[in-house]
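This report concerns only the one structure given below.
Just the heavy atoms: all of them, side chains too, but no hydrogens, waters or symmetry mates, feed the values below. All ligand and atom numbering here is 1-based and tracks the order in the structure.
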Amino acid sequence: MKAICCLLFLSVFSIISLRSLSLSLNKAYTAAITRRHLGQAKLTDGFEINIDARLNFPNPRLKKAYYALQEWKKVILSDPEKMIKNWEGIDVCSYNGVFCAKAPDDPNSMTVAGIDLNHGDIAGHLVPHLGLLTDLSIFHINSNRFCGIIPDSFTKLTILHELDVSNNRFVGPFPNVVLKMPKLKYLDIRYNNFEGELPPQLFDKDLDAIFLNNNRFSSVIPENIGNSKASVIVLANNDFKGCIPKSIGQMTKLDEVIFADNELSGCLPDELGLLENITILDVSENNFVGTIPEGFGKLKGVEMIDIRKNELTGTVLEGICTLPKLLNFTFSDNYFNQLEPKCEKPVRPELVMDYRENCLPKKPDQKSEKKCEPVVNREIDCESVGCKSQVDSDEESKKKKPPKKPTPVPKPKPPPVPTPAKPKPPPVPAPAKPKPPPVPTPAKPKPPPVQSPPPPVFSPPPPTQSPPPPPVPSPPPFDDIVLPPEVGYSYPSPPPPIFPGY
Ligand SMILES: *[C@@H]1O[C@H](CO)[C@@H](O)[C@H](O)[C@H]1NC(C)=O
Ligand SMILES: *[C@@H]1O[C@H](CO)[C@@H](O)[C@H](O)[C@H]1NC(C)=O
């Protein structure tokens, strides 16, 4: 299936390049004729647009959009939910999943400001022509079956604020094209098959939320992670190696950080204690050694600390067990052999602590003496441990862990990570003020509740980390449409609110 998809992907590329080749060869003498017959418009974006001249578009932006969307539609191989069934005709603003608003630089022109095809289960790929949608501020296609890569032409999307391609079948290295989107605030590429290294430039960008979890990234975490102003960073379920960079301590805006289930190693940096505004800190399922940094006792706002499944040793500190906001402190499956008195049992009824699978003398469900003995008395010098996985723990973890991702990521896997908290609402180009609806709302049904795969979702801050949040920003049904008298097309209301709850 994947092979077919990618073959198609390649052949579409070659069709495009063949077409542009023949266009340039013939251009000299056919251009005039072609223009007369087809109303061909040469656009600055490197695409020749062939559209029947008899089609009458309200403005050139919508004409470009029509061309881009029709080209995209051509490569859609499966659309079981009939998401794009009504992508016919020149009124692109009435297409399902396409949202129009007044152009940010021209209030007299409507333009395509958002695409939201979340949960479509659509198979296909992204065509370069989508780069023609230069007024897009939102591009959401989560929970589909798009494969291939994110085209370079996406660099033309210079006002894009949100890119959500999560839960698809994208492959290849980190999509560097996102680094060239100056307005991007929300980057969600989780649940794909991206691999290789993370570019350090990612953390110099002014992003508010970065979701990279459930891919195949395998580099170290770039040292400059501390430059990021993001409030949410999720790196879980990849193969990241090395230490957590000490620069992390600079991230005073950080609300939630999840390093779970990687191959990270070394000691936990004391600098984690500088994250004054963190509510969720999850370093579980890695190869960390040494003791819990005392700095953790300064995390006054933290609600959840998960250090489960590492090789941490020593004493569980009172400073942590008594943190004022703490609700869930999970330190199971380590090698702790001592509890300070106030850690013996939760100090508040709402606090949950998981003691299991340690080396604690008086607690139930502990590791065997045989397992504990060689580790609990191991002297760990964090300096000399460095950031390389220890050979033995590496080998042990290979034995412990089944080889990662032997098969393509199974879709139905629910996102294991708590979803983000409080990304700031990014500025959006002023959407058109909806006028009173002259006609009944055209049926733009919400995507049906997803069939099988509970998709990764982006949702508003859970008050505590407990309830898995409700499904994704799906486009709200339109409550208004506008009929511009001069054309008679109906324009649906502006793009859906970006972060629900705001
Ligand atoms: C972090 O929280 C404190 C209050 O606990 C607040 O004064 C400070 O402004 C916050 N920092 C940031 C960067 O939001
Ligand atoms: C506490 O956190 C752990 C690890 O994230 C999770 O498995 C557990 O369900 C949580 N417990 C409660 C009561 O929220």
Side-chain angles (χ1 to χ4, degrees), residues 190-191 209 211-214 231-238 240 244 248 254-264 268 272 275 277-288 292-293 296-297 299-312 316-336 339 342-360 363-367 397 400-402 404 412-422 454 456-470:
R190 65 188 132 162
Y191 288 90
F211 293 93
L212 307 179
N213 54 291
N214 298 79
S231 59
V232 181
I233 296 188
V234 184
L235 304 184
N237 296 294
N238 280 287
F240 287 111
I244 296 178
I248 188 126
L254 200 56
D255 181 275
E256 185 172 322
V257 67
I258 302 186
F259 292 110
D261 197 8
N262 279 292
E263 299 293 333
L264 297 169
L268 291 170
L272 284 169
L275 302 175
N277 293 319
I278 199 99
T279 57
I280 295 177
L281 174 59
D282 186 345
V283 300
S284 63
E285 296 194 58
N286 280 288
N287 303 317
F288 293 115
I292 314 180
F296 275 35
L299 302 173
K300 297 296 179 212
V302 78
E303 294 173 4
M304 184 184 106
I305 298 177
D306 192 347
I307 54 176
R308 175 176 49 101
K309 225 165 181 234
N310 281 289
E311 290 166 46
L312 300 170
V316 182
L317 306 171
E318 259 176 19
I320 302 165
C321 300
T322 57
L323 281 168
K325 297 271 178 64
L326 195 60
L327 298 170
N328 186 337
F329 181 22
T330 301
F331 53 87
S332 51
D333 206 348
N334 278 289
Y335 292 85
F336 295 115
L339 297 169
K342 285 184 179 155
C343 294
E344 286 289 343
K345 56 183 204 289
V347 290
R348 283 173 289 115
E350 64 273 27
L351 173 59
V352 178
M353 305 212 298
D354 191 343
Y355 301 82
R356 290 171 298 167
E357 289 292 310
N358 277 291
C359 303
L360 298 164
K363 294 282 180 194
D365 304 319
Q366 299 298 300
K367 289 192 162 92
S397 73
K400 261 191 328 221
K401 290 192 178 184
K404 259 191 173 177
K413 211 162 143 196
V417 287
T419 33
K422 303 162 197 149
V457 290
F458 177 69
S459 47
T464 73
Q465 71 279 23
S466 40

Item to check | Contacting atoms of ligand 2, where contact means under 4.0 angstrom from a heavy atom of Val352 | outcome: 13 (C)

Item to check | Under 3.5 Å side-chain donor-acceptor pair for Asp306 and Thr330 | outcome: no

Checklist entry - Looking at Arg308 and Asp282, does any basic side-chain N land under 4.0 Å from a carboxylate oxygen? => result no

Checklist outcome for this item: Taking only non-hydrogen atoms of Asp306 and a 4.0 Å limit, the atoms of ligand 2 in range are 4 (C), 5 (O)

Next on the checklist: Could you check, using the six-membered ring where one of them is a Trp, whether Phe259 and Phe240 have ring centers closer than 6.0 angstrom?
Outcome noted: no

Next on the checklist: Taking 4.0 angstrom as the limit and counting only heavy atoms of Thr330, give me the atoms of ligand 2 inside it, by number and element.
Outcome noted: 1 (C), 2 (O), 3 (C), 4 (C)

Next on the checklist: Please compare Ile305, Leu327, Asn328 and report which has the shortest non-hydrogen distance to atom 1 (C) of ligand 2.
Outcome noted: Asn328

Checklist entry - Could you state the interatomic distance from NZ (Lys342) to CD (Glu318), rounded to the nearest 0.5 Å? => result 5.5 Å

